[in-house]
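First up is the structure itself, then whatever we jot down about it.
For ligands, and for the atoms within them, numbers begin at 1 and follow the listed sequence. Quantities reported herein were computed from a predicted structural model and do not represent experimental measurements. The figures here come from the full heavy-atom set of this structure, side chains too, leaving out hydrogens, waters and symmetry mates.
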Amino acid sequence: MPHVITQSCCNDGSCVFACPVNCIHPTPDEPGFAASEMLHIDPIACVDCGACVSACPVGAIAPDTRLDVGQLPFVEINASFYPERPADVKLPPTSKLAPVLPAVQLRPRRRPLTVAIVGSGPAAMYAADELLTQKGVRVNVFEKLPTPYGLVRAGVAPDHQNTKRVTQLFERVSRHRGFRFYLNVEIGRHLSHEELLAHHHAVLYAVGAPDDRRLDIDGMGLPGTATATELVAWINGHPDFAALPVDLGHERVVVIGNGNVALDVARVLTADPDELARTDIADHALAALRNSAVREVVVAARRGPAHSAFTLPELIGLTGTREVVLDGADHERVARDLATVSDRLTRNKLQALSGLGEASGTPAGAGRPRIRLAYELTPERVLGRERASGVEFSVTGTGEARRVEAGLVLTSIGYRGKPIRGLPFDESAALVPNEDGRVIDPDSGRPVPGAYVAGWIKRGPTGFIGTNKSCSLQTVAALVADFNSGALTDPAAKPGALDTLVRGRRPDAVDSAGWRAIDAAEVARGAGEGRPRNKFTDTADMLAAAGAQPAPLRRRLLARLGNR
Ligand code: NAP
């Protein structure tokens, strides 16, 4: 009864270090780790202790007897990572060195290490987690929204509730006594980088890649066009996208690009609304999906099947729960690629594609809408005058025109980092130039004192939630080494002055107690409806819920009055 890693694997490697027999690979110190789409349990070496199950923050691991039908392909995917061999032959041991953070050195007359983290998504929270393993360290997390956790809250699709379970880990981190939230505070607007540095030894930016890559073709911007990430933010109730005009009154949606975000969108647009009603999807999105006229979502890639950007676990999750089809020409492309491609992962994807049904000319009539994966279509222009009516593609390599009618055209061609005021920026790579997380001034080639980056703004918009764990650890190791070597100066401002500064600039700042009040109110709103939460989608409602909890200053005053 070996254990099996399934679709929601986040790659954070916690299972690797929990496993007593080193049977989970690739480990973070093995060469294939960075490119791996998931981790795999060796069924021969697994001793079924379940330590990995407890360590996994996203509930991705189960014994093979407890898998549901849709998860069964993962038995073979886990096993096929390892060479075929008799059941009594163990593989030679490999290293799985748990990376160790250098100890923060406490020196007389020096202030304890105090770090500002900007952003509150996975990279920020993993960095806080690493820093707080050290005695005496203080971490202040600044976030421009009144709610934390970045893309886990606003980017992970609502039907991936397992993935959202990583917030339980982040909640534990945020309850550490050295940790403080300053939510609803925007760095660069309410406080500057220099002001943060005056109150901290270092500022670590984990702000992600907040912009979408834009497709520069005629017609983008017409009503009926949007980016997939905008749509995902709308589905997830992000307050800045709650009013996005989304018209689902047409039969077909075209998504340009075929990464995991494109699959997320296709999956949600074809989901059974009654199933979504048991998730934390925003009410406005659920209402629109209940009235949707969409019968087909076409996911169009400019390259062939062997270059599909989606991952195998997500493809399996999709094909197990939706009608996914290819047209005849694309089936031929899959067969063509299968005849030439040798790498195991790509072959597994192609095998999964080759088993899909064939698209008939018209979208399915009754039942749930279908998804059509389409290949070698280069987008040329969005059709329509007043609003989008479709996309004109050219067949990649031949130039032959292909028109696909659609009432909604979404681009899903990746994210883009944006400049941070006061720091250098590499426009072509759209990230902050850095070495191991230390921000580097491109003119001098030297580190910018006290400035660090982690996550997508450091390495670009690739990887999974857990990829940020090792990324953030690398940055924190550099930061601690700089503190220990004396390269970081003690903050000029007195401890305690930060609160006064923040309250002066941003009276509506939300602290940990305020966030917990928002959280509790959302969970209570959802409880009656059988949902994990019903999110607020308006900042004013969030602040009202946060205000139901007395702010620290008010709490202290109330306590003092109560003592009289
Ligand atoms: P992505 O994986 O980088 O995919 C981008 C897609 O856009 C590719 O198909 C790419 O095609 C296409 N593209 C780029 N420029 C184009 C152009 N000018 N015209 C047409 N197509 C173009 O991006 P993503 O889907 O936004 O995902 C970002 C990261 O988040 C990925 O690492 C992804 O795995 C991760 N993510 C993971 C999950 C999950 O684990 N469930 C969910 C969401 C996101 P080419 O390959 O031809 O360039």
### Query
Does Glu37 have a non-hydrogen atom less than 4.0 Å from ligand 1?
no
### Message
Tell me whether Gly414 reaches ligand 1 (any heavy atom closer than 4.0 angstrom to a ligand atom).
### Response
yes
Taking distance alone, with no angle check, do [X] and ligand 1 share an N/O pair under 3.5 Å?
| X | result |
| --- | --- |
| Arg303 | yes |
| Asn258 | yes |
| Val261 | yes |
| Ala309 | no |
| Trp456 | no |

### Query
At under 4.0 Å between heavy atoms, which part of Thr163 makes contact with ligand 1: side chain, backbone, both or neither?
neither
### Residue part near ligand 1, for Leu263, under 4.0 Å between non-hydrogen atoms
neither
In terms of residue, atom name and distance, what is the protein heavy atom nearest to [atom]?
| atom | answer |
| --- | --- |
| atom 40 (O) of ligand 1 | Phe464 CD2, 3.5 Å |
| atom 22 (C) of ligand 1 | Ile413 CG2, 3.4 Å |
| atom 28 (C) of ligand 1 | Pro461 O, 3.7 Å |
| atom 11 (O) of ligand 1 | Arg302 NE, 3.8 Å |
| atom 6 (C) of ligand 1 | Ser412 O, 3.6 Å |
| atom 32 (O) of ligand 1 | Gly463 N, 2.9 Å |
| atom 39 (C) of ligand 1 | Asn260 ND2, 3.7 Å |
| atom 2 (O) of ligand 1 | Gly259 CA, 3.8 Å |

Does [X] come within less than 4.0 Å of [Y], counting only side-chain N to carboxylate O?
| X | Y | value |
| --- | --- | --- |
| Arg172 | Asp129 | no |
| Arg336 | Glu376 | yes |
| Asp283 | Lys535 | no |
| Arg403 | Glu405 | no |
| Arg372 | Glu296 | yes |
| Asp280 | Arg153 | no |

### Query
In terms of heavy-atom contacts, does CG of Asp218 have more than 12 from other residues, nucleotides or ligands at under 6.0 Å?
no
### Message
For Arg66, is the CZ atom crowded, meaning more than 12 foreign heavy atoms sit under 6.0 Å from it?
### Response
no
### Message
Can you tell me how far apart CG (Leu39) and SG (Cys19) are? Round to the nearest 0.5 Å.
### Response
11.5 Å
### Task
Identify the two heavy atoms, one from Gly59 and one from Arg165, that lie closest to each other, and give their separation to 0.1 Å.
CA-NH2, 3.6 Å
### Query
Which heavy-atom pair separates Pro424 from Pro433 by the least distance, and what is that distance?
O-CD, 3.6 Å
### Message
Would you say atom 42 (C) of ligand 1 makes contact with the protein, given that contact here means a non-hydrogen protein atom less than 4.0 Å away?
### Response
yes
### Message
With the threshold set strictly below 4.0 angstrom, can you tell me whether any protein non-hydrogen atom sits that near atom 19 (N) of ligand 1?
### Response
yes
### Message
Quick one, Val297 and Val255 - any side-chain contact, counting heavy atoms below 4.5 Å?
### Response
yes
### Task
May I ask you to decide if the ring planes of Trp456 and Tyr415 are parallel, tilted or perpendicular, using 30° and 60° as cut-offs?
tilted
### Query
Parallel, tilted or perpendicular: which fits the ring planes of Tyr82 and His25, with parallel below 30° and perpendicular above 60°?
perpendicular
Please could you name the atoms of ligand 1 that [X] approaches to less than 4.0 Å, counting only its heavy atoms?
| X | value |
| --- | --- |
| Tyr415 | 26 (O) |
| Glu314 | 41 (N) |
| Leu215 | 17 (C), 18 (N), 19 (N) |
| Asp264 | 42 (C), 43 (C) |
| Thr462 | 32 (O) |

